[in-house]
Asks: 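Have a look at the structure that comes next, please.
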Amino acid sequence: MVSRVIPVDPFDLIIFGGTGDLARRKILPALFRRFCAGQMGNGARVIGAARGEMDTEAYRDFVRDSVLEFDDNAECAAKNLDSFLNQISYVTLDARGDAGWSELAGLMMPGRVRAFYFSVGPGLFGDLATRLHEYDMADADTRIVVEKPFGRDLETAKALNAILARHFDEGQIYRIDHYLGKETVQNLMAIRFGNMLFEPLWNSQYIDHIQITVAESGGVGKRGGYYDKAGAMRDMMQNHMMQLLCLIAMEPPAKFDPDAVRDEKLKVIRALDPVPSGDVVRGQYEGTAQLQGYRNEVESRDTQTESFVAIKAQIGNWRWAGTPFYMRTGKRLRDRASEIAVVFKHAPHSIFGMEAGSHRNILTIRLQPNEGIELGVTIKEPGPGGMRLVDVPLDMTFAEALGDDQTDSPDAYERLIMDVVRGDQTLFMRGDEVEAAWRWTDPIIKSWEDKNIAPILYATGSSGPDDALMLMHRDGRRWREIKP
Ligand code: NAD
């Protein structure tokens, strides 16, 4: 079975920050993969724009190197890389001054989709938005794409929204959360709203609790400078984890359209109860004989920034009252493994007696590695020896049913960039959603700062601080093992 590639209109994608790390590792390789899939025909163009002095030839070399380093499709690269590079050009430009802007404006062509990717620090968003208008490069159809972090608290997020709103309508602003571009995350919506099987059980009457884990085994590495100013709460919890929580918890939207979906997500965030201090744990990793601890990596001996956070969140509405959402994320944990686990309640009465064991269904949505969905069901343990029960997975990785081509799906950046070109905002965060998320996380961060609460140290390769385990143990529950 061959993947279906939906043709897109001719487009120009201008990448501000086109020589940066994100462009090199994610955006450019993603565009090349879409080129290989046939979605960059019709003379689509990519224009890198950044401060670095270089000409188009040198930029094409930069793009070639980035594709060869970060795209593993050698066969396509051997055949198509030169044709892809022919569609790429570069303009040296200063977001804060006038250098380069007339040249960029001169490259614009009417009658095609135009998207500007702001792959620069948020401090430049205002300058870029203003210059785009001064140089008459943005019309009502123009789209802008902005990266995380979208602010560092409610106040800064509001200020960013206001800066962008000065020149662009909300319908033109695409705030990226690449977790929403993951195939399995969208599959979660398909599973929930495309089947009769799950939705009737999708509430506190049948679901005991939900666990969301985004665990990384690596440390902050070269991102220490940025990360130490953010921490796990701002870098992961306020955006990615909350988006996952919303998709699990939201009511069925009337349609799969951008505002219908985002309205429902917003209602979930607004229904979140404030978090008591005893329901949050923050940690910081220690080093080993071979690996530096967090403090040494970020070169700040007395930093209080957390590299781990765990929260017990409660949603105050009819569907979820009494069903907690336990979320944890951190670096230098046992493994790189991210999943959502929907843990159903025990059957009300076991007809098989105590010896059969205590079992329950768990729906697991694996985000990385090995994206897929698995439903744990209870069956009889095969063989003689009486009625003993055992949990087995009903695997829904789809590869067998759909064929390999269907599961070789685009990565999150490929899908999201193409959604920008198509003008589909469903998988992008709306301004009010981002603000509501900060409104919930701000008091947690503020209480750490006000009370000067230091993160608890945890061992590299562990599951985080013991207090995070206690967050569930004290409720008679336990975290699932962190394993790929
Ligand atoms: P980077 O520092 O590697 O690159 C910054 C880019 O901006 C460079 O191309 C630089 O030339 C350009 N630039 C800086 N000042 C400029 C100016 N005055 N005028 C024109 N161009 C200018 O940064 P990055 O890691 O690529 O990150 C870009 C954005 O993406 C940031 O907002 C970051 O938070 C976000 N982001 C990055 C990652 C990542 O993995 N790198 C992940 C998520 C989000």
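Order of appearance sets the numbers: ligands from 1, and atoms from 1 within every ligand.
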Asks: Could you go through the side-chain hydrogen bond (donor to acceptor under 3.5 Å, both in side chains) check for D127 and T130 one step at a time?
Replies: CA-CA 5 Å; D127 297 290; T130 308; over 6 Å; no
Asks: Among all protein heavy atoms, pick out the one at the shortest distance from atom 12 (C) of ligand 1; state its residue, atom name and that distance to 0.1 Å.
Replies: G17 CA, 3.8 Å
Asks: Does any N/O atom on F118 come nearer than 3.5 Å to any N/O atom on ligand 1?
Replies: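 No; the residue has no nitrogen or oxygen that sits under 3.5 Å from a nitrogen or oxygen of the ligand.
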Asks: With a 6.0 Å cut-off on the ring centroids, do Y458 and F308 count as close?
Replies: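 Here the rings of F308 and Y458 have centres that are less than 6.0 Å from each other.
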Asks: Among all protein heavy atoms, pick out the one at the shortest distance from atom 3 (O) of ligand 1; state its residue, atom name and that distance to 0.1 Å.
Replies: D21 N, 2.9 Å
Asks: Would you call D450 and K446 a salt bridge, using N to O less than 4.0 angstrom?
Replies: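 Answer for the salt bridge query: yes.
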Asks: Need the ligand 1 atom indices (1-based, order shown) with element for anything under 4.0 Å from a heavy-atom of P149.
Replies: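 In order of number, 34 (O).
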Asks: According to the ring-ring contact (aromatic ring centres under 6.0 Å, His included) rule, which pairs have a member within residues 140-165, sequence neighbours left out?
Replies: none
Asks: Are a donor atom and an acceptor atom from the side chains of E286 and Y294 found within less than 3.5 Å of each other?
Replies: no
Asks: What protein heavy atom is closest to atom 35 (C) of ligand 1, reported as residue, atom name and distance in Å?
Replies: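 Residue, atom and distance for the closest contact: K148 O, 3.3 Å.
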Asks: For atom 4 (O) of ligand 1, which of the options G20, G52, G18, G100 provides the nearest non-hydrogen atom?
Replies: G20
Asks: Are side-chain N/O atoms of H240 and K148 paired as donor and acceptor at under 3.5 Å?
Replies: yes
Asks: Quick one: side chain to side chain contact (heavy atoms under 4.5 Å, CB included) partners of A249, sequence neighbours excluded?
Replies: V268, I315, W320, F325
Asks: Nearest to atom 20 (C) of ligand 1, what protein heavy atom do you find, and at what distance?
Replies: L93 O, 3.3 Å
Asks: Would you say the ring centers of F125 and H167 fall short of 6.0 Å from each other?
Replies: no
Asks: Does H178 come within less than 4.0 angstrom of ligand 1, counting non-hydrogen atoms of the residue?
Replies: no
Asks: Kindly confirm or rule out an N or O of P122 lying under 3.5 angstrom from an N or O of ligand 1.
Replies: no
Asks: In the protein, which heavy atom is nearest to atom 32 (O) of ligand 1, and how far is it?
Replies: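 That would be V120 O, 2.8 Å.
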Asks: With under 30° as parallel and over 60° as perpendicular, where do the rings of F428 and Y174 fit, or are they tilted in between?
Replies: perpendicular
Asks: May I ask you to identify the nearest protein heavy atom to atom 42 (C) of ligand 1, giving residue, atom name and distance to one decimal place in Å?
Replies: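 I find the closest protein heavy atom is L22 CD1, 3.8 Å.
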Asks: Could you tell me, atom by atom, which parts of ligand 1 come under 4.0 Å of a heavy atom of D94?
Replies: 17 (C), 18 (N), 19 (N)
Asks: Is the shortest N/O to N/O distance between L124 and ligand 1 below 3.5 Å?
Replies: no
Asks: Could you check whether R114 pairs with D12 (Lys NZ or Arg NE/NH1/NH2 to Asp/Glu carboxylate O, under 4.0 Å)?
Replies: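 Looking at D12 together with R114, the answer is no, because their closest N to O distance does not fall below 4.0 Å.
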Asks: In ligand 1, which numbered atoms sit nearer than 4.0 Å to a non-hydrogen atom of A50?
Replies: 9 (O), 11 (O), 21 (N)
Asks: Of the protein's non-hydrogen atoms, which lies at the shortest distance from atom 21 (N) of ligand 1, and what is that distance?
Replies: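 Atom 21 (N) of ligand 1 sits closest to the protein heavy atom R51 N, 3.4 Å.
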Asks: Using a heavy-atom cut-off of under 4.0 Å, does the side chain or the backbone of R25 touch ligand 1, or both, or neither?
Replies: side chain
Asks: What protein heavy atom sits nearest atom 28 (C) of ligand 1, and how far off is it?
Replies: S119 O, 3.3 Å
Asks: Please could you name the atoms of ligand 1 that T19 approaches to less than 4.0 Å, counting only its heavy atoms?
Replies: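 With T19 as reference, the close atoms of ligand 1 come out as 8 (C), 9 (O), 11 (O).
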Asks: Parallel, tilted or perpendicular: which describes the rings of F16 and W101, with under 30° parallel and over 60° perpendicular?
Replies: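 Tilted.
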Asks: Check the side chains of N187 and T184 for a donor-acceptor pair under 3.5 angstrom, ignoring hydrogens and angles.
Replies: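 N187 and T184 do not have a side-chain donor-acceptor pair below 3.5 Å.
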Asks: So if I count the atoms of ligand 1 from 1 in the order they appear, which ones are less than 4.0 Å from some heavy atom of G121?
Replies: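 Atoms satisfying the 4.0 Å criterion: 32 (O).
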Asks: Less than 4.0 Å between atom 9 (O) of ligand 1 and some protein heavy atom, yes or no?
Replies: yes
Asks: When you check the side-chain N and O atoms of D335 and S217, is any donor under 3.5 Å from an acceptor?
Replies: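 There is no such pair between these side chains.
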Asks: Any N or O of A49 that comes nearer than 3.5 Å to an N or O of ligand 1?
Replies: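 There is no such contact.
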